[in-house]
Amino acid sequence: MERNVYDILEERGFLKQCSHPEELRDLLGKEKVTFYIGFDPTADSLHIGHYVALMSMAHMQRAGHRPIALLGNGTAFIGDPSGKTDMRTLMSKEQLAYNASCFQKQMSRLLEFGEGKATIVYNGDWLYPLNFLDFMRDIGVYFSVNRMLTAECYKQRMERGLTFFEMSYMLMQSYDFLELNRRYGCVLQMGGDDQWSNILNGADLIRRKEQKPAFALTTALLTTSDGKKMGKTEKGAVWLDKEKCSVYDFYQYWRNVGDQDVEKCLSLLTFLPMDEVRRLGSLPGEQINEAKRVLAYTLTAQVHGEEEAKAAQSAAEALFANGADLSGIPTCVLSSDDISASGLRVTDLLVLAKLASSKSDARRLIEGGGVFINDEKVSTVSDILDATKIERDGAIIRKGKKSYCRIIKA
RNA sequence: GGAUGGGUUCCCGAGCGGCCAAAGGGAGCGGACUGUAAAUCCGUUGUCGCAGACUACGAUGGUUCGAAUCCAUCCCCAUCCA
């Protein structure tokens, strides 16, 4: 008898809250369960926060259950308000459709799609045609405002203000669950712990309206040991798309996680057996770097493939431990226009290499002594790179200790 | 709809006619120290070839030699009343 996936999720630290733990565990142990997680396609790539959710889906699928990835092109049309303070930006249906297709591509690396396997659905399919009055009569009546306001997530919002839309977001998400229950016999919704009340209410809706069992389960959010959100870089989120976050940067991000966070990352983001995870996580002192290498390599390989991961790893070894292969580090190819426009001034090159956000920024970096070319410190702001250095293998320009870019002539 | 208080740089938050590119904190970046970690200390954080100029304090106009600071209109937000 295989292990119950519920126990696996629990052991790996995914489990946060569950509406009916015993009942759900039993169910997962005895039959193929259809479940779903929703994703709002508000960007053209998934980021690492989504990845935890994908991992939980993958574990479920490996245990024989059937995942549905719901793409919220309907809900995202208005914008998800939870936790956001900034204005929700309105997105066109076309943009949402494009984003959704990007999501789908990235998901297929971890989930197996096909007949009887994982499926992708779009909630716009049923939300766009929805009639407001019907919806209120059929669904709205099941939601008590009093009860909603006692929910923790709304309590916090009460201080800053709450719009009617935010209240109804829960109804829409609950309705999604109901719709999936009817269409696909979906009985479980999973998601990040911040989604708890939305998910729970969906399950309740099914139980009340359909008189059928439905379950809610939330998984841990990726946070650092001091409770901050993980997956942020200077450029924003850690994206899964290598155009938005280079493989090298991706690798480096994990290579540099805090000591306290390695074990958690290994267990949530990789499939390594737990005793190995625990062994790596408890390595003392400097040896913990071994765990970080494993994490960085394994996760990069999962997301970008073995080849890319190897390149990133050897580039990292090359730069930090004087290895040889530099092919994997980010490279900036200069056209002859770039060369004449920049005059090969180091400040301009830093901008071209995306190591500095502006020339002013570049200047500050140089003044602060943080810029090196082929390991020689750039001492003055007005420095110009010798044109012969970008021939052949090019010049390695470095910002600080960890950011590199190879400058090479086209 | 009415009353009151607000909208400031990445975030929080001071400033309330010139000394403001704007205090302080957070976060980021760089340096030192290290283990490509954390903590700590130092520097830095609008743009442009630096001095200097330009663009910025919800939006648009106005008053002033001079506005983030005063006035008008508008838009948004919070609290209370309906």
Side-chain angles (χ1 to χ4, degrees), chain A residues 81 83-90 156-166 223-238 248-266 280-297 300 312-323 328-330 341-351 353-373 375 377-384 396-405:
Chain A
K84 295 263 168 58
T85 47
D86 48 332
M87 235 340 250
R88 24 188 201 270
T89 42
L90 297 175
Q156 291 168 5
R157 306 286 302 181
M158 289 298 282
E159 287 155 27
R160 269 181 300 145
L162 192 63
T163 64
F164 183 72
F165 168 69
E166 284 174 273
T223 53
T224 61
S225 51
D226 42 347
K228 290 185 204 125
K229 259 189 198 160
M230 270 187 82
K232 295 282 180 195
T233 68
E234 62 270 38
K235 288 157 202 142
V238 174
Y248 176 78
D249 286 341
F250 186 88
Y251 179 92
Q252 282 299 321
Y253 183 87
W254 303 107
R255 180 62 247 272
N256 281 306
V257 295
D259 290 5
Q260 304 308 309
D261 302 320
V262 193
E263 186 167 330
K264 183 197 254 180
C265 290
L266 282 166
L280 287 167
S282 57
L283 288 172
E286 195 185 336
Q287 291 178 46
I288 193 86
N289 280 314
E290 174 60 19
K292 296 184 191 181
R293 267 190 288 276
V294 172
L295 170 66
Y297 181 80
T300 307
Q313 186 181 48
S314 55
E317 300 299 330
L319 294 167
F320 289 98
N322 290 323
I329 71 168
S342 67
L344 293 179
R345 274 185 301 274
V346 177
T347 47
D348 292 55
L349 294 177
L350 281 163
V351 175
K354 298 202 178 78
L355 293 176
S357 56
S358 68
K359 290 181 196 173
S360 302
D361 187 28
R363 200 173 304 121
R364 271 178 234 120
L365 283 167
I366 295 174
E367 281 166 356
V371 177
F372 301 79
I373 289 179
D375 272 335
K377 190 185 226 164
V378 175
S379 49
T380 52
V381 173
S382 52
D383 257 14
I384 288 175
I396 304 285
I397 187 163
R398 169 160 70 94
K399 181 192 87 161
K401 288 170 196 145
K402 297 169 200 163
S403 304
Y404 295 81
C405 186

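For A:Arg363, taking side-chain heavy atoms from C-beta onward, the closest of the listed nucleotides B:G30, B:G49, B:A37 is B:G49. Closest to the side chain of A:Phe372, from the set B:G31, B:G35, B:C50, is B:G31.
Put simply, the side chain of A:Ser358 gets close to the backbone of A:Asp361: a donor and an acceptor are under 3.5 Å apart. Judged by distance alone, with hydrogens and angles left aside, the side-chain atoms of A:Lys292 form no donor-acceptor pair with the main-chain N or O of A:Val262 at under 3.5 Å. Counting only distance, with no hydrogens or angles, the side chain of A:Arg255 and the backbone of A:Val257 share no donor-acceptor pair below 3.5 Å.
Taking atom C1' in both B:C12 and B:C81, the straight-line distance is 31 Å, to the nearest Å. Nucleotides B:G58 and B:C77 have their C1' atoms positioned 11 Å apart, rounded to a whole Å. A distance of about 15 Å separates the C1' atoms of B:C19 and B:A67, rounded to the whole Å. On the P atoms, B:G25 is 14 Å away from B:U45, given to the nearest whole Å. B:G24 and B:G46 have their P atoms separated by 13 Å, given to the nearest Å. Spacing between B:C11 and B:C16 at atom P, rounded to whole Å, works out to 23 Å. A gap of 16 Å separates the P atoms of B:G1 and B:U73, to the nearest Å. Rounded to whole Å, the C1' atom of B:A21 lies 15 Å from the corresponding atom of B:A14.
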Scan nucleotides 42-47 of chain B nucleotide by nucleotide, 5' to 3', and note B when protein non-hydrogen atoms come under 4.0 Å of the base, S if they reach only the sugar-phosphate, - if neither. --SS-S
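Remark: A:Lys402 is in phosphate contact with B:A37, judged by side-chain N or O atoms under 4.0 Å from OP1 or OP2.
Residues A:Arg255 and A:Gly400 both approach RNA chain B. Their nearest nucleotides, taken by heavy-atom distance, put A:Gly400 toward the 5′ side. Where A:Gln252 and A:Val351 meet RNA chain B, the nucleotide closest to each residue was compared, and A:Gln252 sits on the side nearer the 5' end.
B:G24 is paired with B:C12 under the criterion used here, namely a Watson-Crick or G-U wobble arrangement in which both key atom distances are under 3.5 Å. Pair assignment for B:A38: none, as no Watson-Crick or G-U wobble contacts are both less than 3.5 Å. The partner of B:C65, taking Watson-Crick or G-U wobble pairs whose two distances both stay under 3.5 Å, is B:G18. Across all strands shown, B:C80 pairs with B:G2; the Watson-Crick or G-U wobble distances both stay below 3.5 Å.
If you take CG of A:Leu295 and C1' of B:A37, they are 13 Å apart, rounded to a whole angstrom. For A:Phe320 and B:G35, the CZ to C1' distance is 12 Å, given to the nearest whole Å. Atom pair A:Gln287:CD and B:A38:P shows a separation of 19 Å (rounding to whole Å applied). Rounded to an integer number of Å, the gap from CD of A:Glu317 to C1' of B:G35 is 14 Å. If you measure from atom CD of A:Glu286 to atom P of B:G35, you get 6 Å, rounded to the nearest angstrom. In this entry the distance linking CD of A:Glu290 with P of B:A37 reads 17 Å, nearest Å. Rounded to a whole Å, the NZ atom of A:Lys377 is 7 Å from the P atom of B:A32. In this structure, the CG atom of A:Leu355 is 13 Å from the P atom of B:C29, given to the nearest Å.
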Check the pair A:Leu280 / A:Glu263 against side-chain contact (heavy atoms from CB on, under 4.5 Å), numbers first and verdict last. CA-CA 7 Å; A:Leu280 287 167; A:Glu263 186 167 330; over 6 Å; no
May I have the step-by-step check of side-chain contact (heavy atoms from CB on, under 4.5 Å) for A:Gln252 and A:Tyr404, ending in yes or no? CA-CA 11 Å; A:Gln252 282 299 321; A:Tyr404 295 81; over 6 Å; no
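The shortest non-hydrogen separation linking A:Thr347 to A:Ala362 is O-CB, 3.6 Å. When every heavy atom of A:Gln313 is checked against every heavy atom of A:Tyr297, the shortest pair comes out as OE1-CD1, 3.6 Å. Closest heavy-atom contact between A:Ile329 and A:Ala315: CG2-CB, 3.2 Å.
With respect to A:Arg364 and A:Glu367, no salt bridge is recorded, no charged nitrogen being found less than 4.0 Å from a carboxylate O.
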